[in-house]
Chemist: 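Below you'll find the structure I mean.
Here the structure is a predicted model, which means the values were calculated and not measured. We number each residue from 1, following the sequence as shown.
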Amino acid sequence: MILIVDALNKHKFPMVLDQMFRLRARVFAGRLGWDVTITDGREEDQFDALDPAYVIGLDEAGNVVACVRALQTTGPHMLSDVFHAILDGEPPLRSATLWESTRFCVDTERLGRGRSRGSVTYATSELMLGAVEYAMRSGISDVVTVIDPVMDRVLKRSGNAPYDYVGKTVQMGKAAALAGLLDCTEERAASIREVAGIEGEVFLTDDEALALPAIAAHVPRKSALEIYCDEQIAAARNVDERIAALKLKAALADKIRSHSQVGA
């Protein structure tokens, strides 16, 4: 199951993001030995501060089992600012319809082997599919991704092979790094689905994700007052009634906030 978390809904999923950053720390610093910054058990970098979109794989309970970051290339991104040696002197690729995919990882500790649901192979393919279909829905035509030769082989085995490469392969610490280009098309999505045997919708809505046990356990319960306000907003018969209900909710929230600050 795939959940998209971005600047618009990240306030709803702090637990999901925390699990994602901790997974990245275990994979990139622990398993792969990359030179990344770990703070309080979380791996975050300067590009996470730019409000990227995260394509996140969840298990049936709502635990994070896979993730990848999608970032616009019109601003700072890893290929232009960190892995620029790959470009071999060529200018960075920049386009509103070309995004960068980085920090792809899967939780091999939580997931099993084989190819069925709950396996590393299935979660990997589902995350690839989620990234491609999210891109298509968002008007993104192509993705550039910095990978190592192992990941390049994984992409090819998954029906998700790059159609071209950018620059040259360079040594980055202990591993080689190269940049592949992937088009975000129905054909690519169908290829991933066929290889992995994935059928149907893979995306969760925010409400569906919030109802999963591991996530719901961290969602603050609404007060009776909040529930009443939300019911009034939903029951509004016209714009004026909706605005009045929204103003009431905002005023009550301000009052509750001011009382809590006095008490503190």
Side-chain angles (χ1 to χ4, degrees), residues 1-10 12-13 16-17 20 24 44-58 64 66-84 86-87 90-106 123-148 151-152 154-156 158-167 177-196 198 200-206 209:
M1 301 183 293
I2 300 297
L3 174 67
I4 304 299
V5 178
D6 58 18
L8 298 178
N9 68 347
K10 66 180 183 180
K12 299 180 183 179
F13 299 105
V16 172
L17 291 175
M20 181 195 73
R24 282 173 32 174
E44 296 180 68
D45 63 18
Q46 66 268 37
F47 304 104
D48 291 305
L50 301 177
D51 278 334
Y54 301 104
V55 183
I56 302 174
L58 303 176
V64 174
C67 60
V68 65
R69 178 175 67 193
L71 185 65
Q72 295 184 39
T73 59
T74 50
H77 59 284
M78 296 199 77
L79 185 56
S80 68
D81 294 46
V82 177
F83 297 119
H84 46 79
I86 293 174
L87 296 171
E90 294 296 320
L93 301 175
R94 297 189 185 278
S95 169
T97 59
L98 170 71
W99 281 39
E100 179 185 71
S101 170
T102 52
R103 290 301 195 260
F104 188 110
C105 62
V106 178
T124 299
S125 294
E126 188 179 55
L127 187 64
M128 290 180 184
L129 177 64
V132 171
E133 293 192 343
Y134 164 72
M136 290 166 54
R137 296 179 183 187
S138 304
I140 302 165
S141 62
D142 295 86
V143 164
V144 62
T145 180
V146 177
I147 52 179
D148 61 16
M151 190 62 193
D152 190 36
V154 170
L155 290 172
K156 291 173 179 176
S158 303
N160 193 27
Y163 68 79
D164 201 358
Y165 298 88
V166 178
L178 60 155
L181 288 167
L182 297 87
D183 53 341
C184 305
T185 61
E186 293 286 358
E187 291 76 17
R188 182 175 294 276
S191 176
I192 298 170
R193 284 181 177 274
E194 182 179 2
V195 171
I198 299 174
E201 180 65 77
V202 297
F203 293 101
L204 292 168
T205 65
D206 286 3

Chemist: Between Gly180 and Pro162, what is the shortest heavy-atom contact and its length?
Modeler: CA-CB, 4.1 Å

Chemist: Below 4.5 Å, heavy atoms only, C-beta onward: do Leu87 and Val166 meet side chain to side chain?
Modeler: yes

Chemist: Contact between Leu181 and Leu98 at the side-chain level, heavy atoms closer than 4.5 Å - yes or no?
Modeler: yes

Chemist: Ignoring hydrogens and geometry, is there a side-chain-to-backbone donor-acceptor pair from Arg193 to Leu129 under 3.5 Å?
Modeler: no

Chemist: Answer yes or no: is there a side-chain heavy-atom contact under 4.5 Å between Thr73 and Ser80?
Modeler: no

Chemist: Look at the side chain of Gln72 and the backbone N and O of Ala96, then say whether any donor-acceptor pair between them is shorter than 3.5 Å.
Modeler: no

Chemist: Rounded to the nearest 0.5 Å, what separates atom CE in Met151 from atom OG1 in Thr124?
Modeler: 7.0 Å

Chemist: Report the distance from atom CG of Leu93 to atom CH2 of Trp99, rounding to the nearest 0.5 Å.
Modeler: 16.0 Å

Chemist: Check for a donor-acceptor pair, side chain of Ser138 on one end and backbone N or O of Ile140 on the other, with a separation under 3.5 Å.
Modeler: no

Chemist: Tell me whether the count of non-hydrogen atoms from other residues, nucleotides or ligands lying under 6.0 Å of CD in Glu194 goes above 12.
Modeler: no

Chemist: Can you sort out the partners of Asp152 under salt bridge (Lys or Arg N to Asp or Glu O under 4.0 Å), two or more places apart, ordered by chain and number?
Modeler: Lys156

Chemist: Of all the heavy-atom pairs spanning Ala66 and Ala123, show the shortest one and how long it is.
Modeler: CB-O, 4.4 Å

Chemist: Would you mind reporting whether Met136 and Thr185 have side-chain heavy atoms less than 4.5 Å apart?
Modeler: no

Chemist: Which residues pass the salt bridge (Lys or Arg N to Asp or Glu O under 4.0 Å) test with Arg94, sequence neighbours left out?
Modeler: none

Chemist: Any idea which heavy atoms bring Glu133 and Ala189 closest together, and the distance?
Modeler: OE2-CB, 4.0 Å

Chemist: Please confirm whether the backbone N or O of Val68 pairs with a side-chain atom of Arg24, one donor and one acceptor, at under 3.5 Å?
Modeler: no

Chemist: Begin from the C-alpha positions of Leu178 and Ile147 and carry the test side-chain contact (heavy atoms from CB on, under 4.5 Å) through to its verdict.
Modeler: CA-CA 6 Å; Leu178 60 155; Ile147 52 179; 4.0 Å; yes

Chemist: Which residue pairs satisfy the salt bridge (Lys or Arg N to Asp or Glu O under 4.0 Å) criterion with at least one member in residues 69-78, sequence neighbours excluded?
Modeler: Asp45-Arg69, Asp48-Arg69

Chemist: Does the side chain of Phe13 come within less than 4.5 Å of Ile56's, by heavy atoms?
Modeler: no

Chemist: Are Val64 and Leu17 packed together at the side-chain level, in the sense that at least one heavy-atom pair is separated by less than 4.5 angstrom?
Modeler: no

Chemist: Taking the side chain as everything from C-beta on, heavy atoms only, tell me whether His77 gets closer than 4.5 Å to Leu50.
Modeler: no

Chemist: Is the backbone of Ser101 close enough, under 3.5 Å, to the side chain of Thr145 for a donor and an acceptor to pair up by distance?
Modeler: yes

Chemist: When you look at Ser125 and Val195, which way does the side-chain contact (heavy atoms from CB on, under 4.5 Å) test go after all the steps?
Modeler: CA-CA 8 Å; Ser125 294; Val195 171; 5.6 Å; no

Chemist: Would a 4.5 Å heavy-atom cut-off, applied to side chains only, mark Phe104 and Met128 as touching?
Modeler: yes

Chemist: Could you tell me which non-hydrogen atom of Gly139 sits nearest to which non-hydrogen atom of Thr97, and how far apart they are?
Modeler: O-CG2, 3.7 Å

Chemist: Which heavy-atom pair separates Ala177 from Val146 by the least distance, and what is that distance?
Modeler: CB-CG1, 4.3 Å

Chemist: Do Phe47 and Asp81 pass the side-chain contact (heavy atoms from CB on, under 4.5 Å) test, and can you show the C-alpha distance, the side-chain angles, and the key distance before you say yes or no?
Modeler: CA-CA 10 Å; Phe47 304 104; Asp81 294 46; 4.0 Å; yes

Chemist: Looking at Leu127 and Cys105, what are the two nearest heavy atoms and their distance?
Modeler: CD2-O, 4.1 Å

Chemist: What's the spacing between Leu79 CG and Leu71 CG if we round to 0.5 Å?
Modeler: 11.5 Å

Chemist: Is it the case that the side chain of Asn9 and the backbone of Ile4 share a donor-acceptor pair, with hydrogens and angles ignored and the cut-off at 3.5 Å?
Modeler: yes

Chemist: Which is it for Arg103 and Met78 under the side-chain contact (heavy atoms from CB on, under 4.5 Å) test, yes or no, and what are the steps along the way?
Modeler: CA-CA 10 Å; Arg103 290 301 195 260; Met78 296 199 77; 3.6 Å; yes

